[in-house]
Every structure is written in C-alpha cells, then in structure tokens.
Undergrad: 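One structure, pasted below without further comment.
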Amino acid sequence: MIDPTPGDPELVLRVTRLSKTYATRVVTGVDWALRPGRVHALLGGNGSGKSTLLKMIAGVVSPDPGGVIEIGGVHHASESYGPSAAAGGRLRFVHQDLGLVDDLSIADNFALATRYPRTRLGAVDDRALVRHVRAQLERRGLDLDPRLPVGLLRPTERTLVAIARAFDGVEAEPAILVLDEPTASLPVDEVAHLFDTIRELRGLGHSIAFVSHRLGEVAEIADDVTILRDGAVVGEGEISEFPEARIVELIAGHPPEGARARRPSGQTVAAPALSLRAFGAGPLHDLGLDVHAGEIVGVAGLVGSGRSSLLRGIFGDLPATGTVSVAGRVLPHAGTGAAVRAGIAFVPEDRQRDAAYPERPVWENLSAAILARYRRFGRLSTRRERADAPSAMARFRVRAPAASVPLAALSGGNQQKVILARWLRADPRVLLLDEPTQGVDAVARDEIHELVRDAAERGTAVLVVSSDLEELEQLSHRVIVLEGGRLVDDLRGDDVTREAITHAMHETGA
Amino acid sequence: MTDSPAPSPATSQSGIPWRSIAERYALVVLVVGLFVLFALLPASGAVFTSPQNLRALVSNQGVPLLIAVAAVFPLAAGYFDFSVGAVAASSSVVTAAALADFSTPLPIAVALGVLFGMITGTVLGLLIAYAGVNPFISTLGVATLLGGVIFAYTGGLRISAGIPTELTDIGSRDWLGVPRVIVVAGAVALAAWWILSQTVFGRRLYAVGSNARATHLLGVNVRRTQLLAFVASGTIAGLGGVLLLARNGGATSDNGMMMLFPALTAVLLSTIVIHVGRPSVPGVVIAILFIAVTVSGLTLVGTPPWVNQVFNGAALLLAVAFARLAGLRATRGRKKAAG
C-alpha cells in the first residue's frame with residue numbers, strides 16, 4: 001500500500017480529502033497519490049468520478065473547499081487551486097480528444113499550445129518553429145515531418161504527437177503526465193507503440209497517470225492501480241494485488257435489491273418489431289439483431305464500440321448498409337424521414353444540441369413529432385396543441401409552471417421527459433434511446449425508466465444505449481454487448497447483471 | 001411537486017406577464033407616440049396629417065414591405081438573405097425589358113419578372129442548402145452579380161418607355177379609396193403571414209432556425225425546407241420588383257442595394273415585436289411603419305437629408321442590439337436551468 005505520510009518527498013502528486021459537489025456529490029473525500037517513476041491506472045465505471053477527479057487536478061474544475069492538492073512537495077488548498085498551479089507543478093495533461101486541430105500542421109499545433117517563435121521583425125519564424133518541433137518529435141522517437149497536417153496522421157501518431165507536445169518545455173527534471181483514456185480511440189494493434197513511449201517516459205523518471213477501460217492493457221502497463229466507484233476510492237495498491245476478476249468486482253460493486261425489469265411474459269410469435277440483417281454503420285459491420293414488440297434491449301459497449309452508430313444508423317441519421325425492417329417491412333435508405341414514417345422514434349444523447357428547442361414553449365416542444373395530428377385543411381391548430389399540452393404534461397410527469405414557459409426554464413430531468421414525451425405521444429413501434437438519463441437526477445431517472453417500461457408494455461420495442469450499467473440492469477430484458485463494431489455477447493435472463501455486463505465489456509478481445 | 005423550476009422571467013407574481021407585454025408592444029407604442037408627436041409639432045403638424053402626406057406615406061411602403069417580407073422566410077430558417085433588394089431590382093428590369101424591348105403582353109411580362117425572382121431564389125437555395133455554400137457569401141455574391149448584369153443591360157438608364165398604364169395604375173390609383181399598391185402588397189403579406197404562422201411548413205421553418213439538427217432528427221427534410229425558404233424569398237422579392245415597376249412607371253437602373261438596407265432593418269426590428277426573438281410578418285409591418293413615420297416626420301420638421309441615412313443606420317444597429325439582448329436573456333435562462 002502507498003505510505004500516506006504527508007509531505008513524503010517520494011510522492012510527486014497527492015490529493016487529500018478532495019470532493020466535488022454539483023447537484024449531488026460526485027467525488028467524495030478522495031485521497032490519492034502518485035509515486036515517482038510509476039505508471040498509475042485510474043479505473044472505474046462511467047459516473048465513478050474519475051474524470052471529475054482528473055479535471056480537478058488539471059485545474060479546470062474547481063474542487064469543494066477543504067481538500068489539499070500537493071504537487072512536488074508544494075501544498076495547494078483546494079479552494080485556491082487553478083490551471084496555473086497545475087502547470088507550475090510540471091503537470092502535463094493529454095485529454096481524451098487530444099486537443100489537436102486537424103487542419104493545421106504538427107508545428108502549428110505545437111505553437112498554438114505554447115507560442116510562435118518570432119523573427120526580429122516580429123513575423124512568425126517558421127524555420128525556427130519547424131526545427132524546434134522536429135527536435136521535440138525526435139525526443140519521443142517520432143520520425144514525422146512537422147509540416148504535415150495533423151489530420152493525415154494515424155490514430156497512434158496523433159496520440160504520440162499530443163504527448164510530445166505536452167512534454168515540450170520539459171527538460172531533465174521529472175514531470176507528471178496525465179492521460180485520459182489514451183487508448184479509447186486506438187485500434188488494439190496500435191496500442192503497443194503508445195505503451196513503448198509510456199515505458200520510455202517512466203524510464204526517464206517521469207510519472208504517468210492514466211484512465212482506461214481495457215483491463216488487459218492495465219495489467220500490461222500499470223504499476224499501481226486505484227479503483228473508484230460512486231465518487232470514492234474502493235481499492236488501491238500495486239497491480240500484483242489486483243487480478244482482473246477483483247478489479248471487475250470492485251468496478252461493478254454489489255447490485256442493490258430493488259427495481260428490476262419486468263420480463264415480458266410469454267413468447268412472441270409475430271414478426272419482430274425491429275429486425276437488422278447484415279447491418280453496418282460507422283464502425284459496425286455485419287450485425288444481426290431482432291427486437292420484439294414489448295421488449296427492452298440494452299446496448300452496452302465502450303466508447304468507440306459503435307453503440308451510438310447503431311441507433312443513428314437505424315434512424316437514418318448515419319449512412320448504413322444491410323437491411324432494417326420494422327414489423328416485417330424493409331425500411332428504405334432514405335434518411336430520418338423514412339424512419340419516422342415507419343414508426344421509429346429516437347431520443348438522442350445530447351439533448352441541447354440534437355433535440356431541444358430551448359427558447360420555445362413547452363407545448364411546442366411536446367407536439368413537435370405529431371404536428372400532422374393538428375393539421376386540418378392545411379392549417380395548423382395551435383389552439384388545440386396548447387389545449388392538449390397540460391394533459392400530456394401530467395401523463396408524462398413533466399413538472400413546469402405552465403405549458404407556455406420556454407423549455408429552457410425547466411430542470412434537466414423535466415426537459416428530458418418533454419423530449420421523451422414528444423416521441424411517446426406518437427406511439428412509436430420502435431423507440432431508440434441514447435443515454436436516456438445522463439445528467440438527470442435520481443427521481444427523474446426513475447420516472448423516465450417507468451415511462452419506458454410503460455411504453456414497452458403497450459407494445460413498443462425499445463433499444464437503449466447506456467454507459468450506466470445499473471440502468472441497463474434495471475431496465476433491460478436483454479443486453480447486447482458491442483466491441484469494435486461487432487456484437488460480442490447477448491446476455492439474457494439472469495445474466496443481465498452489472499457484473500456480467502462489465503465482464504463481457506472488458507474481457508473480450510482486449 | 002418539489003422540483004418545480006423557477007417561473008419564467010417573463011411571468012410576474014400576479015400571473016399577468018406585464019413585462020413581456022411591454023417588451024412585445026414597445027415598438028407599436030413608439031410608432032403611435034411618434035405619429036402623435038409629429039402631428040402636434042408646429043413645424044410638421046399640418047402637413048404631416050394632411051391626406052396627401054398620409055397617402056404618400058402609406059403608398060410608398062408597399063414595395064419595401066414586400067422586400068422585407070421576402071427576407072423573413074430565410075431569416076426564419078436562420079439565414080440572412082442579402083439578395084432581396086437586387087432580386088427585386090432585376091425583376092423590375094426583366095418585366096420592363098419584356099414590355100419595352102420585346103413587346104410581350106403584360107400578364108406574361110409580369111409572370112416573367114416573378115419567375116425570374118423564383119429561379120434566383122431556387123438557385124440560392126440549392127447553393128446554400130444542398131451545396132453547403134456560406135449563405136452570407138452566396139446571397140451577397142448573387143446581389144453583386146445581379147447589380148452588374150442590370151447595369152450591363154440598361155447601361156445605367158431607366159427603362160420607362162412602353163410600360164402600359166394598366167400596370168402603372170396599380171402603382172398610382174386606388175381601389176375603393178385604398179391605394180392599389182397597398183392592396184397588392186397587403187395581400188401578399190397576408191399570404192406570407194398565413195404560411196409562416198398557420199401551417200406545418202411555417203412551424204418547421206422556424207424549427208430549422210431554432211435547432212436544425214433537432215428538426216432533422218424529427219424526420220423533417222431540413223434541406224428542402226431551407227430551399228423552399230429561398231424560393232419563397234425570391235418569388236416575393238420578384239413580386240416586389242414588379243410592384244416597384246408599377247409604382248415608379250419605369251425600371252430602376254440601380255443595383256437594389258438602396259432597397260436592401262431598409263428591408264434588413266425592418267426584418268431585424270420585427271424580431272423584437274410581438275414574437276420576441278423571431279422575425280414575423282406583423283413585426284415587419286410595424287417596423288416598416290416605424291421607419292416610414294420617422295423619416296416622413298423628420299423630413300417635414302426640416303432636418304437635412306443626411307439625417308435619414310443616419311436614422312436608418314442607427315435603427316439597424318439598435319435592432320441588432322435589441323435582438324441580441326433578447327437572445328442573451330433567453331440563453332441566460334437556459335444556463336440557469338442547466339446549472
């Protein structure tokens with residue numbers, strides 16, 4: 001175990017009693033330490049608080065008062081900590097999206113993060129910049145022309161360029177590198193090159209902390225691990241103490257007694273409500289799937305597994321191959337309009353960007369999918385739309401002062417219920433849900449689950465993508481697991497548990 | 001119901017949204033106030049309220065009304081259309097040239113002018129909605145191009161010979177005491193109002209302007225909706241051009257830019273009237289009256305001619321600032337709800 005003595009010169013980074021509260025507390029009094037020259041894996045499910053913890057250390061999210069962040073022996077009270085303190089402590093971050101501008105050259109991407117060298121006349125000194133960047137790339141063993149646009153690089157090269165950029169300006173003294181899911185967007189066979197670089201950095205005395213969901217990789221590269229669940233540390237120590245099975249158990253936790261999905265009674269004999277054959281979209285290829293009326297099928301998978309592409313492909317928002325049939329009829333490849341006409345409804349993940357009319361009243365948001373119902377002789381009856389809104393709000397448990405207030409005036413949970421209600425009012429044959437309760441409080445979450453179950457009982461086939469495994473366990477009759485664009489597992493009955501889903505997501509292929 | 005959100009900023013405690021009403025009808029009150037002011041001022045009063053002046057004041061607004069209404073359609077979908085003035089100018093040249101240079105029968109000449117506007121709008125819509133060309137550049141580019149073509153054809157001279165009196169009568173005479181130009185422009189504006197506020201198409205057009213991605217994910221063909229907005233804009237601007245010919249008795253040889261800016265001002269001002277935050281036909285009518293009353297009054301009071309231009313520019317800036325403030329308030333409400 002890591003020695004918890006304060007001020008230990010052996011520790012390059014230590015956080016003590018670090019918490020973060022938004023609407024609820026997402027990180028609870030976390031103590032965590034990074035030793036010099038070690039690779040430390042930070043593990044946990046979605047919503048476990050590991051991203052928030054890293055963001056607090058990066059100084060981009062301000063922690064609750066009362067904690068301490070200590071870098072290289074310098075103490076910072078959590079309330080006065082910021083990005084400059086992080087940079088001053090030689091802390092270097094590579095975020096999951098890498099922060100690279102694809103259209104610009106490698107050299108420009110370096111200069112944007114630091115500064116452009118100038119000639120004596122004040123113009124940008126391109127030759128000096130290219131020379132400098134070439135030297136930085138060579139230090140990381142990268143033989144790349146700094147004038148290449150970043151967009152032309154392979155995924156691993158992009159990650160390595162981002163790391164080289166993070167180390168620009170770090171000389172002999174040891175630094176701390178924090179990598180947020182560096183392998184999430186990398187093909188499995190390209191990870192080796194990244195790991196060589198990480199080992200080399202460790203050999204030079206630098207310390208590396210990283211987040212990953214791929215447990216096989218963690219065993220391969222990490223020296224220490226820390227496991228978070230529900231915002232608290234539930235396990236920490238050297239990797240040798242943590243076999244994979246124990247990590248999986250700690251990530252998943254123990255399932256509480258409580259709401260479980262009502263299994264559909266009896267065997268369905270009719271044609272499946274939704275049927276995919278040789279289906280491909282985004283990273284997905286050759287996928288076959290049947291969802292029957294009244295069935296709720298959960299979709300699990302890591303980022304990049306193709307779970308969002310599955311929904312967008314079915315809905316016609318993403319070019320797809322193969323066939324999609326609804327109630328036995330093949331859907332033409334004709335965009336979202338054809339999907340809606342066939343009775344498919346889609347509640348997207350990003351409500352603000354993809355679903356909301358925030359400045360429009362609640363009643364208008366509620367009737368957006370069923371306008372045809374209010375049309376008589378070419379005229380839209382706004383009066384009837386408004387008149388129907390209160391009963392729809394009551395039925396779908398939308399709490400708002402009036403139907404006439406703008407959607408933006410509602411809480412996140414109530415906004416989400418409006419978007420769900422918009423589609424449920426259309427009585428869809430197939431309901432596609434992408435992270436239906438993300439960023440929603442516990443009460444609204446239960447209500448949304450209840451609305452989805454009611455819809456299924458009335459005969460809607462539901463496909464729900466969620467990175468919240470507890471949600472999948474509570475809601476789904478069946479869970480399919482995607483990885484690298486393939487369906488790798490189909491869990492049914494008593495196998496629909498968080499442990500089994502976690503296991504299926506992390507075991508296969510990695 | 002424990003987590004009921006805060007009441008919307010527009011709703012006061014008593015339940016009657018006074019502040020919202022004040023905000024929505026401020027410009028209407030301003031128009032009436034200005035009218036009373038100019039009617040009472042000794043320098044302008046007698047002439048300002050004379051039937052001749054009032055008649056001219058209203059009749060002169062027929063063409064600007066149509067050009068501004070044309071711009072409402074693309075703006076509802078989220079795009080400024082800088083081509084409306086130039087389309088109107090070139091449609092008037094097309095109709096005038098058909099009549100004067102090719103001796104075309106009047107109905108066909110009128111149809112050609114409107115058709116020209118419709119085709120220009122279609123081209124713009126295809127460029128913007130389907131080819132993804134920047135709308136600012138394409139509408140401004142088309143406006144500049146049309147201005148050049150007009151100059152090339154007319155050589156900078158007005159086409160005024162050979163315009164039949166049936167057409168010019170519409171510009172100068174009355175039907176039952178109402179200027180015909182206002183009857184025609186009013187009928188077109190009424191039709192535009194009906195399409196925008198009473199049909200599913202209108203609702204979808206505003207939905208595209210509010211959140212195009214969300215509208216696409218509701219199964220609406222967003223590109224076709226955007227295309228139709230530009231077709232409507234071009235067609236109405238074309239009608240405006242024919243009306244311009246009727247009113248002036250000759251086709252203009254200017255490039256239409258002088259007609260664009262009042263229209264833009266009116267459309268922007270319309271976003272702070274009645275339906276705050278979105279352009280509308282009733283809003284445009286009030287904005288046009290606001291500009292007309294002010295310009296006429298100021299002229300009669302004896303302000304020098306440059307004041308008109310300064311007023312137009314100031315009104316445009318104020319309209320943008322108010323629209324921005326209204327938008328900011330909406331965003332702040334959204335942030336509050338999200339936080």
Side-chain angles (χ1 to χ4, degrees), chain A residues 22-23 312 315-317 335-342 344-348 350-361 364-365 367-369 371-372 374-375 378-382 385 397 399-402 404-415 419 422-423 439 441 443-444, chain B residues 1-13 15 17 20 191 193-225 271 275-278 323 326-339:
Chain A
Y22 292 106
R312 291 181 56 208
F315 195 65
D317 183 41
T336 56
V340 170
R341 278 189 295 279
I344 306 183
F346 176 42
V347 176
D350 188 337
R351 179 178 62 243
Q352 290 305 332
R353 199 191 63 183
D354 293 343
Y357 299 114
E359 78 281 16
R360 304 305 304 157
E364 196 175 309
N365 275 285
S367 54
L371 286 181
Y374 293 105
R375 182 163 49 188
R379 183 173 177 274
L380 184 64
S381 175
T382 303
E385 276 181 270
R397 304 182 205 175
R399 280 184 286 277
S404 57
V405 303
L407 183 70
L410 272 56
S411 71
N414 280 303
Q415 290 189 32
I419 304 301
R422 167 196 284 180
W423 282 116
D441 65 83
V443 178
Chain B
M1 305 299 129
T2 48
D3 69 339
S4 74
S8 104
T11 320
S12 76
Q13 288 299 320
S20 154
W193 167 80
W194 198 82
I195 291 171
L196 283 168
S197 69
Q198 304 293 311
T199 67
V200 171
F201 171 75
R203 177 70 62 80
R204 287 188 173 154
L205 196 58
Y206 282 114
V208 168
S210 171
N211 188 341
R213 176 96 186 115
T215 311
H216 166 70
L217 290 178
L218 281 166
V220 175
N221 189 333
V222 169
R223 288 179 166 179
R224 194 178 60 196
T225 308
T271 65
H275 305 282
V276 176
R278 52 176 18 183
L328 266 184
R329 206 162 39 237
T331 325
R332 212 174 294 149
R334 195 180 319 169
K335 288 241 174 75
K336 214 164 111 190

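What's counted below: heavy atoms across the whole structure, side chains too, no hydrogens, waters or symmetry copies. Residue numbers start from 1 in every chain, and the chains themselves are labelled A, B, ... in the order their sequence lines are given, proteins ahead of strands.
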Undergrad: Might you point out which heavy atoms bring V208(B) and T225(B) nearest each other, and give the distance in Å?
TA: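 Nearest heavy atoms, V208(B) then T225(B): CG2-CG2, 4.1 Å.
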Undergrad: Chain A heavy atoms under 4.5 Å from N221(B): which part of the residue, side chain, backbone, both or neither?
TA: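 Neither part.
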Undergrad: Does any N or O in the side chain of R422(A) come within less than 3.5 Å of the main-chain N or O of L218(B), such that one atom is a donor and the other an acceptor?
TA: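 Not a single qualifying donor-acceptor pair exists.
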Undergrad: Go through the atoms of R341(A) and report whether side chain, backbone, both or neither lie under 4.5 Å from a heavy atom of chain B.
TA: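 Neither part.
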Undergrad: Given heavy-atom pairs under 4.5 angstrom as the criterion, report whether the side chain, backbone, both or neither of A207(B) touches chain A.
TA: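 Both parts, backbone and side chain.
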Undergrad: Please work out which of the three classes, parallel, tilted or perpendicular, describes the rings of F346(A) and F315(A), given edges at 30° and 60°.
TA: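 Tilted.
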Undergrad: Output all residues satisfying salt bridge (charged side-chain N to carboxylate O under 4.0 Å, His left out) with R375(A), sequence neighbours left out; order by chain, then residue number.
TA: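 Checked R375(A) against salt bridge (charged side-chain N to carboxylate O under 4.0 Å, His left out); zero matches.
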Undergrad: Taking every non-hydrogen pair under 4.5 Å, which of G413(A), A402(A), A356(A), G316(A) racks up the most with chain B?
TA: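 Of the candidates given, the most pairs with chain B belong to A356(A).
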Undergrad: Between A338(A) and chain B, which part of the residue has a heavy atom less than 4.5 Å away: side chain, backbone, both or neither?
TA: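 Neither part.
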Undergrad: Go through the structure and list residues passing side-chain hydrogen bond (donor to acceptor under 3.5 Å, both in side chains) with Y357(A), not counting sequence neighbours.
TA: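 side-chain hydrogen bond (donor to acceptor under 3.5 Å, both in side chains) check on Y357(A) returns T215(B).
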Undergrad: Where does A369(A) contact chain B at under 4.5 Å (heavy atoms): side chain, backbone, both or neither?
TA: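 For A369(A), backbone and side chain are both near chain B.
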